[in-house]
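In this text the structure is predicted, and so the values were computed from the model without any measurement.
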Amino acid sequence: MTKTTIVVGLDGSEAGARALDFAKSQAKQIGECAIAICYVIEWSPFSFQTPEENEQRHKRREEELQLAHERVMDPAVTKTKADGFDVLAVVRHGDAADILDAVAKQHGAAQIVVGRVGARGLKERVFGGVTGRLAATASVPLTIIP
């Protein structure tokens, strides 16, 4: 029997922490369940730059990945493992809604869990957020935590 997987989107916000807590609660009820914790650094590949700017951009990407692990993912993964869960950590650059759905597809996830308002708050309310895009396009059930 394969494990059920729940994908959780983290962004360092309180809503993200509540989403992870909810996913743990769901995983306990399910039993054989893995939690895929995802942190996505919003990043557009569409930018016209000089080779020097591209080199700096690559360095910045690597620094952002390291900071994401240190500040958000490593503590979340350590605590979730200590709580007795099978955990997969994913940190990627790109569009958060697309990546969360892609991770869900890749791992045959039963659901995606995200916080309603993340760290980007106001910008997302004005321009449309990850949760709204996921609600419209997710390939698996989506749970949005207030």
Side-chain angles (χ1 to χ4, degrees), residues 1-47 54-146:
M1 181 173 152
T2 61
K3 285 189 176 186
T4 299
T5 300
I6 299 172
V7 173
V8 181
L10 284 190
D11 62 359
S13 71
E14 284 298 314
R18 288 191 302 273
L20 181 55
D21 288 342
F22 178 82
K24 289 177 187 179
S25 173
Q26 291 293 99
K28 282 180 185 174
Q29 291 178 18
I30 293 168
E32 286 292 312
C33 190
I35 299 174
I37 303 173
C38 299
Y39 184 95
V40 180
I41 301 165
E42 291 285 338
W43 190 272
S44 172
F46 304 108
S47 182
N54 282 334
E55 183 179 325
Q56 289 301 316
R57 190 174 193 206
H58 177 72
K59 287 180 187 176
R60 194 168 64 246
R61 280 179 63 145
E62 295 303 313
E63 290 168 359
E64 288 174 341
L65 287 171
Q66 182 178 351
L67 285 172
H69 276 283
E70 290 173 4
R71 293 182 180 169
V72 179
M73 289 300 287
D74 292 347
V77 167
T78 299
K79 183 167 181 352
T80 303
K81 282 183 178 179
D83 290 342
F85 296 99
D86 184 12
V87 181
L88 169 69
V90 178
V91 179
R92 294 192 186 149
H93 282 95
D95 178 78
D98 291 344
I99 289 174
L100 289 169
D101 192 50
V103 169
K105 287 177 185 175
Q106 178 184 1
H107 296 283
Q111 72 178 25
I112 300 171
V113 180
V114 294
R116 180 177 59 210
V117 178
R120 293 181 264 299
L122 180 62
K123 179 188 133 226
E124 288 191 349
R125 280 186 228 128
V126 174
F127 298 108
V130 172
T131 55
R133 292 193 321 274
L134 272 171
T137 63
S139 59
V140 299
L142 172 68
T143 303
I144 301 170
I145 303 301

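Under the 4.5 Å side-chain criterion, counting only non-hydrogen atoms from C-beta, Q26 is not in contact with T143. I37 has its side chain out of reach of V72: every pair of non-hydrogen atoms, C-beta onward, lies at least 4.5 Å apart. Between D11 and V130 the shortest side-chain heavy-atom distance does not fall below 4.5 Å. Residues H69 and Y39 are not in side-chain contact: their nearest non-hydrogen atoms beyond the backbone lie 4.5 Å or more apart.
A distance-only check finds no donor-acceptor pair linking the side chain of R116 to the backbone of T131 [under 3.5 Å].
More than 12 non-hydrogen atoms from other residues, nucleotides or ligands lie less than 6.0 angstrom from CD of Q106.
Of all the heavy atoms in Q111 and F22, the pair that sits closest is NE2-CE2, 4.0 Å. Nearest approach of V103 to R92, heavy atoms of both residues: CG2-NH1, 3.5 Å. Taking all atoms of both residues into account, the shortest heavy-atom contact from I41 to L65 is CD1-N, 3.9 Å. Among all heavy-atom pairs drawn from A68 and V91, the shortest one is CB-CG1, 3.9 Å. Closest non-hydrogen pair, P75 versus E70, comes out as CD-O, 3.5 Å. Of all heavy-atom pairs spanning T4 and A110, the tightest one is CG2-CB, 3.5 Å.
Of the inter-residue distances, the one linking D83 atom CG with I35 atom CD1 reads 8.5 Å to the nearest 0.5 angstrom. Once rounded to the nearest 0.5 Å, the distance linking NZ of K79 with CG of D21 reads 7.0 Å. In this structure, CG on L67 lies 12.5 Å from CZ on R60, to the nearest 0.5 angstrom. Taken from CD in E62 to NE2 in H93, the straight-line distance is 7.5 Å, to the nearest 0.5 Å. Summarising the geometry, atom OG1 belonging to T80 is positioned 4.0 Å from atom CG belonging to L20; distances are rounded to the nearest 0.5 Å. To the nearest 0.5 angstrom, T5 atom OG1 is 9.5 Å from I30 atom CD1.
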Quick one, L100 with L134, criterion side-chain contact (heavy atoms from CB on, under 4.5 Å). Give me CA distance, side-chain angles, the key distance, then yes/no.
CA-CA 8 Å; L100 289 169; L134 272 171; 3.8 Å; yes

